[in-house]
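Chain A is the first sequence line, chain B the second, and so forth, proteins listed ahead of strands; every chain is numbered from 1.
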Amino acid sequence: MKLVRAIIRPEKLTDVLTALFQAEITGLTVTRVRGHGGETEIVETYRGTTAKKELTEKIMLDIGVSDPVLDTAIETLVAAARTGEVGDGKVFVLPVEKIYRIRTGEEDVSAVTPIAAEASA
Amino acid sequence: MKLVRAIIRPEKLTDVLTALFQAEITGLTVTRVRGHGGETEIVETYRGTTAKKELTEKIMLDIGVSDPVLDTAIETLVAAARTGEVGDGKVFVLPVEKIYRIRTGEEDVSAVTPIAAEASA
Amino acid sequence: MKLVRAIIRPEKLTDVLTALFQAEITGLTVTRVRGHGGETEIVETYRGTTAKKELTEKIMLDIGVSDPVLDTAIETLVAAARTGEVGDGKVFVLPVEKIYRIRTGEEDVSAVTPIAAEASA
Amino acid sequence: MRFLLCLLALPALALAEPAFAQDAAAESALSGADTAWMLISTALVLLMTPALAFFYGGLVRSKNTLNTMMMSFISLGVAGVLWAVFGYSLAFGDGNKWIGDFSMAFLSGVGLEADGSIPSLLFMAFQGTFFIITAALISGAVVERMRFKAYLIFISLWGLLVYAPVCHWVWSGNAWLGDLGALDFAGGAVVHINAGVAAVVAALVLGARKDYGRQAIIPHNVPFVLLGAGLLWFGWFGFNGGSALAADGIAALALVNTMLAPAATLTMWTILDIGRTGKVTAVGAATAIVVGLVAVTPAAGFVSPISSVLIGAITALPCYFAIQWRARTRLDDSLDVFAAHGLGGIMGALLTGVFAESAWNGGSDGLLFGNPGQLGIQALSIVAVMAYSGLVTFVILKVVGLVTSLRPGIPHEGMGLDIVSHGEEAYSDGEGIVLLLDEDARSSAA
Amino acid sequence: MRFLLCLLALPALALAEPAFAQDAAAESALSGADTAWMLISTALVLLMTPALAFFYGGLVRSKNTLNTMMMSFISLGVAGVLWAVFGYSLAFGDGNKWIGDFSMAFLSGVGLEADGSIPSLLFMAFQGTFFIITAALISGAVVERMRFKAYLIFISLWGLLVYAPVCHWVWSGNAWLGDLGALDFAGGAVVHINAGVAAVVAALVLGARKDYGRQAIIPHNVPFVLLGAGLLWFGWFGFNGGSALAADGIAALALVNTMLAPAATLTMWTILDIGRTGKVTAVGAATAIVVGLVAVTPAAGFVSPISSVLIGAITALPCYFAIQWRARTRLDDSLDVFAAHGLGGIMGALLTGVFAESAWNGGSDGLLFGNPGQLGIQALSIVAVMAYSGLVTFVILKVVGLVTSLRPGIPHEGMGLDIVSHGEEAYSDGEGIVLLLDEDARSSAA
Amino acid sequence: MRFLLCLLALPALALAEPAFAQDAAAESALSGADTAWMLISTALVLLMTPALAFFYGGLVRSKNTLNTMMMSFISLGVAGVLWAVFGYSLAFGDGNKWIGDFSMAFLSGVGLEADGSIPSLLFMAFQGTFFIITAALISGAVVERMRFKAYLIFISLWGLLVYAPVCHWVWSGNAWLGDLGALDFAGGAVVHINAGVAAVVAALVLGARKDYGRQAIIPHNVPFVLLGAGLLWFGWFGFNGGSALAADGIAALALVNTMLAPAATLTMWTILDIGRTGKVTAVGAATAIVVGLVAVTPAAGFVSPISSVLIGAITALPCYFAIQWRARTRLDDSLDVFAAHGLGGIMGALLTGVFAESAWNGGSDGLLFGNPGQLGIQALSIVAVMAYSGLVTFVILKVVGLVTSLRPGIPHEGMGLDIVSHGEEAYSDGEGIVLLLDEDARSSAA
Ligand SMILES: Nc1ncnc2c1ncn2[C@@H]1O[C@H](COP(=O)(O)OP(=O)(O)O)[C@@H](O)[C@H]1O
Ligand SMILES: Nc1ncnc2c1ncn2[C@@H]1O[C@H](COP(=O)(O)OP(=O)(O)O)[C@@H](O)[C@H]1O
Ligand SMILES: Nc1ncnc2c1ncn2[C@@H]1O[C@H](COP(=O)(O)OP(=O)(O)O)[C@@H](O)[C@H]1O
């Protein structure tokens, strides 16, 4: 199992979610973050204070996937998040040793298998 | 050493913290996140705009633990976070190569050993 | 490649960023988090309700680095973030299996190489 | 003063032709200055209900912000219409010693002819703003756990069955409490004790929030609480100053007292905070302002400015400790409506009986000025209002509870009522919220 | 009423010496009471523009909050100055049937002599607050996508070329719509229909936001929307009540109607919300308040209180459904300025022609009181204002578009206009924001 | 004008019986219209202090929001009570050329008899609202780093030892600056220069914030700054308009000038912003509004409307550049109290000496209207107030610093004063905050 951690543009979140859901990847966690990369710099002024905004708003996605799904997940995500402009973000793939589903105690692959039936309930 | 990353319900945070502290696991980091899993969908309306909230509020805990404490940590956490309803969340166990305590530069196990004496000061 | 994840004090962020940029580490992601460690406890009162704030504001940095840069990154970071008081935070080093740059699809080391030329554009 | 004025004015009202004519003769009795002051006073009191929405809304958790604010705002609509339709007539119609009648239902016969020195229509509107805010005040005791539709039915019935009669007793000019000589300048009993008691009863009938006493329930936005307190104070100048129904010395006295009493309460509260924890809390300051305003409400036009400083300072004590103590009980009067409005109103009503001074108000003396009987009358009016309000509120809630459930299910309470009852969030960054186009909306509703 | 008063007052104005003297004789005609009421009314209407900033600012996404708020605030500066310089003279100068003149440019001859019963300078200021807010109202249709400098030029021209003439037609006392007998108590046509039509045209000329119809664009701060609605209501008492230009029965009538109509709209909107989705929305409630206020604006001093309840309730229906429907079209009138102000104003203007009642206003009857012709005059005035406003707004925008681009580039629109046009963020925790000392600032600008 | 009125009124005051009687004869001299206007003006000025809390509170970092807001709110309590107890008597008591006396301490002899045309009690309250806000204004220079208890002691002493005498000099009617003929309509010197100088001194005595000049310190909530500015403007109509002490032509002039001057300042500031960075900042707009209001304060009832446009526009220039420049120095006048209020007040006081026009105010001319001497008198009054205020503020702070430390420890400053001094957070989501039940609370305090 892997943890796919992607940093994307906030305005791409809807597209990425839609694409992932279509690829039947429905378990994920989203965090508001800020990033520094090669983006253009922003200068702000408040009265006499001039300041440079070093960080721009980004969204981080954490998706725990079983190995077979890994490639689909990355491809879907990268395709949906790309604009081609500097600042599109990165994907990190981290190894995961164990996954538990808190509700049931299920482990590993079955812990990240979406529960389609219940979901629609 | 491992990094235990748990995604739980916000309303369970107090219970989980209390349980962990009782189990003498006191070093941890908490992030507000949002998750998509099998939870019921929520529809919102603002004037003529109808929208579906794909993400629900969750809390992510990051706990760096030494290997002997790992099982206690997970058991305590899972027990305290469970409600039995869809949406209880997941626990991921990630391998960690190295841990440093910034204050002292201590490494690894000693870096995550709580400093009980000082803490009460 | 590694993912360096550091938890630091919010008031140290500017110093840490400046130090990292000087060390030419410019790709990173920042998250607002809260931590519980050995920090002094804070009691709040709202009308008749007295409550203990278990978590203090912290900043989490995620920095994907190629192996050669790892040590510089950690040293720079730790030096800049240290105050010597309890609560300075921790650094975790996690193994990373793969990194992609979303914009180009580049992989691994080249994905985390800053694009100095473009950045100044 | 006020009830005397009402006494004089009401026969005129009752005799008014049901015609809508701008009677030239009546018009001549209007005072432009008094009308100007009552116009702005009415606007000021109306502003208090949005102000209350912020005072209350800042004190709850963010997931219940809109629900809490809407409990005030909706009163501007529903109670506003109800007042015009029946409420005013039930409160100020001739009727009998206990309640008005339907003679002015649908504002029949309420026109531009003078009632005292202002158009009677304006008097109706001024009183309407009191009706609106009193209903909204109760909501502080039931926030975060009452179904919005049940609340709507409740405040509608409460306004007509509790507020209107109590208002009639004190201010209509031909009813028993007024006749006894109870002093209530701007609504210590009618508004604050009344709402405070209803709040306790409502909190008891509904029961505590599921997290009450188990988790820390912390105000999500204290600046909003301060904003609410600031705007409430501003509006209260109309509430108390306007209750003189004229731009005269009594209005000035009432307004000055409305400035001094909360200042004294705030000062005393600060001292208590410093003594107890060493920390002067902002929520405490906002609370102190409201407590001081409540305390001076029944007294404003009857006591000297220095007495009002004393009233403000004295009232701080019981209210401060009541709030400390209440939070340790199982009574989840969530925003301490009783400790602030009920107890504050009781203190104010009693102290009016102590400090009233005919040298200032031209008529009524209290205990300190040689008329101990007044204190008894004040106590009687307090007891009467508490008994009636408590009983009828209880009955209304039980009846509403038969028709529809008062509380949402536990999971809904956990999700927060903004989403559940209003389908909205107070603060949203829009992330992960996906537009439903028509087809989706339809299928998703299915 | 108002236009009659203007009619009487204007010759006096025109004859006034260009001297700045406080003419003792003129002073004697001033009424202190009327002056007091108009002083506070002017302050109240001025407050409406900051209130609008919050109403609008809460409805947009946080990255465009300041830009949206500044579109209102800047009007307080630019439109305020323009009014004193040319606007007032163009609107109220003698001129001809179509437009005023420059006789009072730079406030020449506008002094403390009485205009009616208040100083003519005060009348100028009161009217100025209307000018300021009308320009700001339009911004709701172009938020999140109009370059701020283009907006500045646009509202300056619009104020002088659209608002001033339309105001002249209706209120100057010597122009064609007033002469026809069109009833517009406080600006249903002049302010709301006028701004509403300009809004639609602006939304069409600018085109939709890049995310419109593709992403859910959700209000970032609903409490601010409620705050704005509450303060708007409060200020509107001056808007409508002050339009009586005196502290008399008509002012009382206008104020009471301004309290009852929105209450009725809010109640009706609540019923519609419950019927449609079961959820009473807070954004809906705030919208309903504004719609009710708009609807009663042309009617306030002409109809009975019960009629204003009906006007409020009736107007809720078309506006509610127009807002539902508009969001499904490609017309990105982002904050529904037309559905609220345009349509609300049209309904109000027509219903004034239905419910006007000489028994209340001492002069004009509507359809229900035996004067069907009034409805025709109202319809004519609506059509005239819509046609003129639509056409000239279109021309102005096209001309401004030739001089400077109306919209920012797509990436800038994505970043949000707070950063792009104002170099600021509405809410900042300061994290990762590094102080530029002088040298850095210079090199970074290079 | 105002000081002349005071001059006439004060003997009456001094002669007033210490009785509280509502003297029938005196009552007859009251004007209802003037009373109505002063009632609402008093309410308006009181609202300015909460408004200031938002203006200032939005400009600081979120961890110091409540502390900053409380610095204003607490003045409503402490300064409010102090004014009634001693302040009013020290300012307006007969005394001598330099200070009043204790003849009216505890409001002794201040009753409902007429002072001019309004109840003298109302005059006391109106002046009290000035006392309250002036103390609060200073706080902008010491935010984020002054211990709250030290601040409490400081403003109490400052009010009595600095504000009261300076107010006496100018407005009491029997003191030296008034006798000289210094023109200060509504407090350019008494309020703004006075507070501005005290602010600089306080910033110097306290020293800079630990992060000042090292980190970017960014406003955490700009909408609150705009809200504050909007409400300040609204309240300022009472501040300046009410300083006429009557609902007459001068009140109208003052109110209209209070509308036009800030409009001009805002327009000029916008032009400067566009010229310098191309970006029209919202914080700048809010600042401009306040600067314009300050500038017109001493002038409001003395100059023509067009002069007030010029005063507003001219004052923008020095204040704009002073703010730019100050931030590059080591002077941490954190919210630029001096650049806005001090410098704005100086400009306003001088320009009053330039533009005053007896044709408008019925008495005093300035430089442009043939009386160059007035400019000298204005300059003298500025220097006198600056010297006195600077010196005594310094002494007070040094004395307070002997009794208790003025600043919290560095780690406390880092944590933010909301937690440290008030035990609260402005915005909380409650996460990780655990309820302390009684036992815990006890053991945790131990
Ligand atoms: N080495 C890194 N570690 C962690 N996050 C990074 C790293 N490099 C970039 N990021 C994140 O990715 C975002 C975009 O990266 P950037 O280098 O600007 O774009 P691109 O990938 O298009 O060259 C940054 O804002 C930051 O959040
Ligand atoms: N594969 C995943 N990767 C990361 N986070 C996940 C994943 N699946 C679920 N989550 C997180 O766990 C939360 C609850 O998951 P869900 O599947 O709804 O519940 P349950 O575990 O009870 O079946 C989600 O809101 C999301 O934050
Ligand atoms: N075991 C851990 N796992 C994750 N985060 C931790 C852990 N221990 C500490 N932290 C984070 O580091 C912060 C500081 O830790 P603390 O133990 O108080 O300081 P120090 O490292 O100086 O002893 C905490 O607030 C928390 O965010």
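- Looking only at heavy-atom pairs under 4.5 Å with chain E, the residue among Met124(D), Glu425(D), Glu424(D) that has the most is Glu424(D).
- Interface residue Thr42(D): only side-chain heavy atoms are found under 4.5 Å from chain E.
- Both the backbone and the side chain of Phe73(D) come within contact range of chain E, each with at least one heavy atom under 4.5 Å from a heavy atom of that chain.
- The ring of Tyr320(E) has its center closer than 6.0 angstrom to the ring center of Trp269(E).
- The parts of Tyr427(D) that come within reach of chain E are both its backbone and its side chain, each placing non-hydrogen atoms under 4.5 angstrom from that chain.
- A donor atom on one side chain and an acceptor atom on the other are not found under 3.5 Å apart for Asp115(D) and Ser120(D).
- Summarising the geometry of Ser139(D) relative to Tyr151(D), their closest heavy-atom pair is CB-OH, 3.5 Å, with the distance given to 0.1 Å.
- For Ala84(D), the part lying under 4.5 angstrom from a heavy atom of chain E is the side chain only.
- The part of Val420(D) that comes within reach of chain E is its backbone (N, CA, C, O), which places non-hydrogen atoms under 4.5 angstrom from that chain.
- Between chain D and the residues Thr265(E), Asn221(E), Val280(E), the most heavy-atom pairs under 4.5 angstrom are made by Val280(E).
- Counting only N and O atoms by type, the side chains of Arg330(E) and Tyr212(E) include no donor and acceptor under 3.5 Å apart.
- Interface residue Pro223(E): backbone and side-chain heavy atoms are both found under 4.5 Å from chain D.
- Residue contact with chain D, scored on non-hydrogen atoms closer than 4.5 Å, involves the backbone and the side chain of Val283(E) alike.
- The two atoms that bring Ser103(D) and Ser89(D) nearest to each other are N-OG, 3.3 Å, heavy atoms only.
- In this structure, His220(E) and Phe224(E) have perpendicular ring planes: the angle between them is above 60°, well past the 30° mark.
- If you check the side chains of Thr267(E) and Thr270(E), you find no donor sitting under 3.5 Å from an acceptor.
- Thr404(D) and Arg147(D) share a side-chain donor-acceptor pair at under 3.5 Å.
- Contacts between Leu253(E) and chain D at a heavy-atom distance below 4.5 Å involve backbone atoms as well as side-chain atoms.
- Residue contact with chain E, scored on non-hydrogen atoms closer than 4.5 Å, is absent for Met38(D).
- Heavy-atom distances place both the backbone and the side chain of Leu122(D) under 4.5 Å from chain E.
- Neither the backbone nor the side chain of Leu82(D) comes within contact range of chain E, judged by heavy atoms closer than 4.5 Å.
- In this structure, Phe355(E) has its ring center no closer than 6.0 Å to that of Phe369(E).
- Heavy atoms closer than 4.5 Å to chain D are found in the side chain of Ile40(E), but not in its backbone.
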